[in-house]
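Presented below is the structure to which this report refers.
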Amino acid sequence: MGEQASTSQLGSTGSTGEQRIGVVLVFLSALMWSLGGAIARFIEAPDSWTIVFWRSFWAAAFLLAFMAWRDGMRGTLRLFREMGVPGLLVAICFATASTSFVVALAYTTVANILLMQAGVPLLAALFAWVLFRERVATATWVAIFVVILGVAIMVSESLDGAVSPIGDGLALLIAVAFSIATVITRRFAHVRMTPATCLGTLIAATFAASQASMFVVTPHDMGFLFAFGALNLGLGLACFATGARLIPAAIAALIGTFETLLGPIWVWLVHAEVPSTRTIVGGAVIFSALLVHLALEFKRQARPQRPGITGVPMPD
């Protein structure tokens with residue numbers, strides 16, 4: 001789930017070959033992220049903070065190695081220096097989201113968490129309007145209202161005691177944190193946010209270390225913690241950060257919805273965790289709103305530009 005924010009800006013992309021590579025990389029990121037809930041259910045460590053620590057540790061190690069391989073040690077240090085305050089704020093958002101994800105798994109279902117995250121692009125539009133008065137199209141306002149309705153249906157279970165309000169609250173916090181990260185990245189599109197995601201994992205690991213009751217885990221757990229951190233979180237972020245730069249924003253966001261679609265399916269197939277009726281209904285409302293909104297946006301981008309009408313200069 002992670003650098004979804006970088007898809008916010010619409011713009012030109014590279015060659016057809018580069019776009020194909022971008023599509024594959026973004027799909028791989030969604031696939032990696034969708035496995036998070038299924039992997040987490042295999043981990044037997046009783047302390048959620050221990051899980052947060054080791055997941056964040058392995059993700060940070062992977063991302064540092066990835067940046068060192070791609071940009072060299074000097075380039076990596078330069079990226080950390082250049083990200084500035086926007087990068088720090090995004091790092092805090094990612095630390096909050098990744099930590100909340102692990103803790104929320106102890107209180108609610110994977111479906112609840114992932115389906116609420118489906119509304120991140122639309123919540124980001126809402127925050128951009130509130131914070132920076134960015135123009136929001138009427139269709140987007142309608143989609144935002146529908147997403148809020150879907151979230152209300154899902155959260156209603158915690159109001160009558162059917163599920164823990166802590167779990168639903170953390171799931172909502174994840175969506176809000178990612179939405180804020182999206183807005184910040186949109187406002188500072190020139191800043192590369194890969195080091196910010198790495199810093200976010202380091203912040204999460206540091207905080208978890210202060211809360212964890214133990215650090216020793218079984219070899220069985222460590223294997224799954226490595227997969228949970230390096231592959232699910234770290235590799236997912238690296239694939240998305242690289243691929244999202246090569247394809248149009250609407251396509252990247254649309255491919256990213258595979259995480260929401262596949263995540264609950266993996267947990268259902270592997271662990272027989274069946275979502276509740278309200279989760280399915282609320283999630284369907286959110287997912288439908290997102291798909292319709294993305295389809296309209298994709299259609300708008302694909303519409304041929306006409307000189308003198310859509311901003312394209314008239315030929316001399």
Look at the side-chain heavy atoms of Ile, Leu, Val, Met, Phe, Trp and Tyr, link any pair under 4.5 Å apart, and say whether [X] and [Y] land in one connected group.
X    : Y    : answer
V85  : I203 : yes
F101 : F258 : yes
L105 : V270 : yes
V292 : I153 : no
V147 : I280 : no

Reported [atom1]-to-[atom2] distance for the pair [X] and [Y], which is rounded to 0.5 angstrom:
X    : Y    : atom1 : atom2 : value
M83  : L199 : CE    : CG    : 4.5 Å
I39  : L231 : CD1   : CG    : 7.0 Å
L269 : I265 : CG    : CD1   : 7.0 Å
D221 : I51  : CG    : CD1   : 7.5 Å
I113 : L170 : CD1   : CG    : 8.0 Å
N232 : R55  : CG    : CZ    : 5.0 Å

Are [X] and [Y] packed together at the side-chain level, in the sense that at least one heavy-atom pair is separated by less than 4.5 angstrom?
X    : Y    : answer
L64  : C198 : yes
L291 : S288 : no
W54  : F228 : no
L126 : W141 : yes
V217 : E44  : no

Whether F53 and F57 hold their rings parallel, tilted or perpendicular, with breakpoints at 30° and 60°: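 Parallel.
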Stepwise side chain to side chain contact (heavy atoms under 4.5 Å, CB included) check, L79 with T194: CA-CA 8 Å; L79 287 175; T194 306; 6.0 Å; no
Stepwise side chain to side chain contact (heavy atoms under 4.5 Å, CB included) check, L28 with F240: CA-CA 8 Å; L28 286 176; F240 195 91; over 6 Å; no
F42 ring center near H220 ring center (under 6.0 Å):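 No, the ring of F42 stays outside the 6.0 Å limit from the ring of H220, centre to centre.
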Ring centres under 6.0 angstrom apart (F207, W49):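 Yes, ring centres under 6.0 Å apart.
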Which atom of G243 lies closest to which atom of V26, heavy atoms considered: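 So the two residues come closest at C-CG2, 3.7 Å.
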Minimum heavy-atom distance G87-A196, with the two atoms named: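 In this case the closest contact between G87 and A196 is O-CB, 3.4 Å.
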From CA spacing to verdict: side chain to side chain contact (heavy atoms under 4.5 Å, CB included), D71, R192: CA-CA 12 Å; D71 301 293; R192 286 175 61 179; 3.5 Å; yes
N/O donor-acceptor pair under 3.5 Å between [X] side chain and [Y] backbone:
X    : Y    : answer
T50  : M214 : yes
S100 : A97  : no
H271 : A38  : yes
S56  : A204 : no
E273 : V110 : yes

Donor-acceptor pair between D47 and S213 side chains, under 3.5 angstrom: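 Distance-only check passes for D47 and S213.
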Any donor-acceptor N or O pair under 3.5 Å, side chains W266, S34: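 A donor-acceptor contact under 3.5 Å links the two side chains.
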Over 12 non-hydrogen atoms of neighbours within 6.0 angstrom of CZ in F145: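 At most 12 heavy atoms, drawn from other residues, nucleotides or ligands, come within 6.0 Å of this atom.
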Residue pair M32, C239: steps toward the side chain to side chain contact (heavy atoms under 4.5 Å, CB included) verdict: CA-CA 9 Å; M32 290 296 103; C239 286; 5.6 Å; no
